[in-house]
Structure formats: C-alpha cells, structure tokens
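A, B, ... follow the sequence lines: proteins, then strands. Residue 1 opens every chain. Since the model is a prediction, treat every value here as computed from it, not as a measurement.
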Protein chains: 2
Amino acid sequence: MDTMERLIRSTQELLWERGYVGTSPKAIQRRAEAGQGSMYHHFDGKPGLALAAVRRSAGELRAEAEARFSAPGTAIERITAYLLREREVLRGCPIGRLAQDPDIVASEELRRPLEETFAWLRGRLAGVLAEGRARGELSDGLVPEEVAATIVAVLQGGYVVARAAGSAEPFDQAVGGLLALLRAHVTLS
Amino acid sequence: MDTMERLIRSTQELLWERGYVGTSPKAIQRRAEAGQGSMYHHFDGKPGLALAAVRRSAGELRAEAEARFSAPGTAIERITAYLLREREVLRGCPIGRLAQDPDIVASEELRRPLEETFAWLRGRLAGVLAEGRARGELSDGLVPEEVAATIVAVLQGGYVVARAAGSAEPFDQAVGGLLALLRAHVTLS
DNA sequence: GTCTATAGAGAGATAGAC
DNA sequence: GTCTATCTCTCTATAGAC
C-alpha cells in the first residue's frame with residue numbers, strides 16, 4: 001500500500017472516530033506513518049484529504065448497501081436483510097457521523113457527498129419498496145419515499161441513541177420496532 | 001443574568017453548534033462576555049462547565065417533551081403532537097448531537113446525562129403507548145418499548161439526514177412515514 | 001469575583017534541502 | 001517524493017495582583 005493510500009485510509013478512520021474538527025493533520029500522519037512533507041505533497045491540506053476520505057467512505061457504504069438491495073428475495077426480505085446486517089453499532093455510521101460536524105456542514109464541497117449518499121440510499125430503498133408494492137407484496141397504503149426516509153432515519157438515530165447509551169441495545173430495539181410496524185403492511189403469502 | 005449563568009448558557013449554545021471537541025474555553029468566554037479568570041473561578045475547567053451545560057440542556061429537553069406527553073388526548077394524538085411539534089431541524093438535537101463527540105462518549109460522567117435522557121424519553125413514550133393499548137386505542141401486536149425506541153430513533157436520525165441534506169425535508173418525510181406506519185395500528189373510533 | 005501575565009503543547013501550514 | 005526547520009495561532013490552563 002503506497003503512502004497516498006495509507007493517508008486516505010488513516011483519514012477515513014480518524015474522521016469516523018473523531019470527526020473532522022477532532023482530527024489533526026499530525027494525527028493523520030502518525031497513523032499513516034507518513035511525514036509532514038509527504039502529506040502536503042499528495043494533498044493540499046486537511047480539507048482536500050478529508051474530501052478524498054469522505055468520497056471513499058461514501059462509495060464503500062453504497063457498495064455495501066447495494067449488495068443487499070440487489071440480492072434475490074421479496075422487497076421486505078431484502079430490506080430486512082439490510083436492517084439486520086452485522087454492524088459495529090457503537091462506532092456509528094462513518095457518513096452520518098459527519099453530518100454533526102460544523103466544519104463539514106459549513107463546506108458545500110464536504111457536505112455534498114453526505115447529501116448524495118443519503119439521497120441515493122433513500123431513492124434505492126424507495127425503489128425496492130415500490131417494486132414490492134407493484135408485485136403485491138406490500139399494501140398500497142404506504143408512500144415508498146416516506147417509508148424509505150423512515151428506514152434511513154431509524155438506522156441513523158439508532159446509532160445516536162446506542163452511542164449515548166454505551167450499548168447496542170437501543171439500536172436493536174429501534175430496528176425491531178420498525179420491522180414490527182412494517183410487517184403489518186406485508187401481504188401474507 | 002449573572003456571570004455564572006451566562007457561562008452556562010453560552011456553553012449550551014456552543015456545545016449545540018460545535019460539539020465538545022469544537023468548543024474552546026476562549027470561545028465560551030467571548031460569548032459569555034466573561035474573562036479568563038472569571039470562568040476558572042466559577043468552574044474547574046472545560047469538562048466541569050460542559051457537565052453543567054449538558055445537565056441544563058437535558059432538563060430543558062425533558063420538560064419540553066413532558067409537556068406533550070402529559071397533555072390531554074389519546075396516546076396517538078399525544079405522540080403525533082410530540083413528533084410534529086415545531087423544531088429547528090437543521091440545528092439538530094442538543095443532546096443527540098453530543099453522542100457523536102468522542103470526548104463526551106469517552107467520559108463516563110459526561111455521557112451519563114445523554115444516556116439518562118434517552119432512557120427517560122423511551123420509557124415515557126413506552127408508557128404512553130402502553131396506556132393507549134390498555135385503553136383499546138392501539139392494536140395489541142406492538143411492543144411498546146420497541147416502538148418507543150423506533151420513535152426516538154426516527155427523530156434523531158431525521159436530524160442527521162436533514163443536516164446532511166442541508167434541508168428539513170428528509171426529517172419531515174421520515175416523520176411522515178412513521179406516522180403512516182403507526183396509523184395502521186390505531187383502532188378507529 | 002475579575003483581570004492580566006505567562007506557559008507548554010498542539011494545530012495547520014510553508015520553505016527549502018536532499 | 002520525503003525530510004527537517006520554522007512560523008503564527010490557538011488550546012487549556014495556572015499564578016498572582018487588584
């Protein structure tokens with residue numbers, strides 16, 4: 001793994017753990033085992049490095065989710081698989097976490113990957129739900145775009161409450177409650 | 001308003017806007033119009049001041065929520081009123097926001113008010129739901145504790161996605177989807 | 001209670017040698 | 001490409017005068 005790659009991965013890790021405000025160039029260099037000059041040769045500074053790291057994390061999140069959405073099964077099966085997939089709950093979401101960072105939100109360029117990631121996620125979930133409805137798997141009463149937004153919010157909020165509690169339990173309960181609410185709308189086969 | 005009070009309120013605002021890591025004693029002093037010596041006379045430092053501010057914010061959040069929960073009306077009416085109450089969505093939740101902060105979560109003392117606040121909130125919502133179920137307003141199929149966790153997560157996650165989008169729209173959609181899912185379990189009168 | 005002085009450490013870069 | 005030196009601010013206090 002070359003220096004530039006190590007710098008990006010170290011930045012991804014630190015942004016996840018400490019956010020943008022809590023991450024210093026020096027800390028990145030230490031973790032990447034790269035020198036000062038090395039870092040400023042490859043990137044123009046903290047914002048540029050963060051942008052590369054955020055884009056990388058966003059792509060990874062998207063690929064991970066897409067694997068569940070495009071798997072075989074009914075709409076509700078795929079969404080359930082996505083909700084119940086293994087997660088390191090107490091670490092939180094590497095993208096959602098950054099939405100709380102004042103310097104990320106203040107920068108149009110750094111915020112955009114976050115916006116696009118969640119827009120894609122909501123759109124993809126809405127598509128799966130609409131598909132399920134068209135196939136008669138789900139009741140007609142639901143608006144796919146709304147329910148998709150609810151699903152994303154339950155995951156993001158689940159992380160928040162779990163971190164506050166120092167335990168994954170609130171996350172699991174929130175997902176359990178969501179699945180129970182969704183099940184009422186599944187047309188039993 | 002005396003100096004100590006101004007220090008606490010300024011800290012509350014800054015923790016909300018910039019988090020613990022992003023808030024410096026100097027910034028607090030500036031906003032409170034208090035000098036260095038003044039701040040360190042009243043508090044032992046940044047952690048102590050933050051603790052006072054977090055406890056204050058937690059109490060305010062609780063009072064605000066309790067007003068909705070103890071209002072007259074059916075369970076679903078009170079929960080709907082709580083969900084739809086006016087919020088400054090893009091500012092996020094003053095408590096939930098801190099759950100992303102590495103230094104808050106690393107400190108048992110600073111994390112505890114967050115844990116207690118959400119535990120209270122989930123318990124109170126579960127109580128309202130259980131009451132509604134006992135009165136025959138809600139279907140028996142739901143586990144109050146789970147649905148309560150889902151409701152809290154939708155709000156917290158709604159803030160996250162809204163901030164990422166730079167717009168309150170995802171928050172409103174998520175709440176709309178949750179209300180639609182809940183409505184299916186309301187026993188119509 | 002509030003003020004000013006001081007201080008070691010880190011943040012976030014720039015410059016120039018190799 | 002990488003290294004070391006240097007620089008200006010800021011962070012988070014402590015000390016002592018008023």
Pick the nucleotide of DNA chain C nearest each of A:K26 and A:G37; which residue has the one closer to the 5' end?
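Nearest nucleotide further toward 5': that of A:K26.
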Just distance, no hydrogens or angles: give the donor-acceptor pairs under 3.5 Å from side chains in residues 49-56 of chain A, sequence neighbours left out.
{"residue": "A:R56", "atom": "NH1", "partner": "A:E5", "partner atom": "OE2", "Å": "2.9"}
{"residue": "A:R56", "atom": "NH2", "partner": "A:E5", "partner atom": "OE1", "Å": "3.2"}

Could you tell me how far apart [X] ([atom1]) and [N] ([atom2]) are, to the nearest whole angstrom?
X     : N      : atom1 : atom2 : result
B:R30 : D:dC9  : CZ    : C1'   : 12 Å
B:D2  : C:dG1  : CG    : P     : 9 Å
B:R6  : C:dG1  : CZ    : C1'   : 12 Å
A:L7  : D:dT2  : CG    : C1'   : 12 Å
B:M4  : C:dG1  : CE    : C1'   : 13 Å
A:Q29 : D:dT2  : CD    : P     : 12 Å
B:Y20 : D:dC11 : OH    : C1'   : 12 Å
B:E33 : C:dT2  : CD    : P     : 13 Å

Answer yes or no on whether A:R91 is positioned over the face of A:W16, meaning its NZ or CZ is under 6.0 Å from the six-membered ring centre and within 45° of the axis.
yes
Report yes or no: is the cationic atom of B:R87 (NZ for Lys, CZ for Arg) closer than 6.0 Å to the six-membered ring centre of B:Y82, at no more than 45° off its axis?
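Output yes; distance and angle both within limits.
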Can you see whether [X] engages [Y] through a side-chain donor-acceptor pair at a distance of less than 3.5 angstrom?
X      : Y      : result
A:E137 : A:T187 : no
B:Q156 : A:Q156 : no
B:Q36  : B:Q29  : yes

In degrees rounded to 10°, what angle is found between the helical axes fit to the five outermost pairs at each end of the helix from C:dG1-D:dC18 to C:dC18-D:dG1?
0°
Does A:T3 place a side-chain N or O at less than 4.0 Å from the phosphate oxygens OP1/OP2 of D:dT2?
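For D:dT2, OP1/OP2 do have a side-chain N/O of A:T3 under 4.0 Å.
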Give, ordered by number, those residues of residues 38-53 of chain A having at least one heavy-atom distance below 4.0 Å to an atom of DNA chain D; if nothing qualifies, reply none.
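Those residues are A:S38, A:H41, A:H42.
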Stepwise side chain to side chain contact (heavy atoms under 4.5 Å, CB included) test for B:E145 and B:R122
CA-CA 7 Å; B:E145 287 75 18; B:R122 292 198 290 144; over 6 Å; no
Any side-chain heavy-atom pair from A:E66 and A:S70 closer than 4.5 angstrom?
yes
Please evaluate residues B:R124 and B:R62 with respect to the criterion side chain to side chain contact (heavy atoms under 4.5 Å, CB included), reporting the C-alpha separation (whole Å), side-chain torsions for both, the decisive distance (0.1 Å), and the verdict.
CA-CA 10 Å; B:R124 199 66 185 77; B:R62 203 164 145 154; over 6 Å; no
Give one of base, sugar-phosphate or nothing for B:G35, where a contact means two heavy atoms less than 4.0 Å apart.
sugar-phosphate
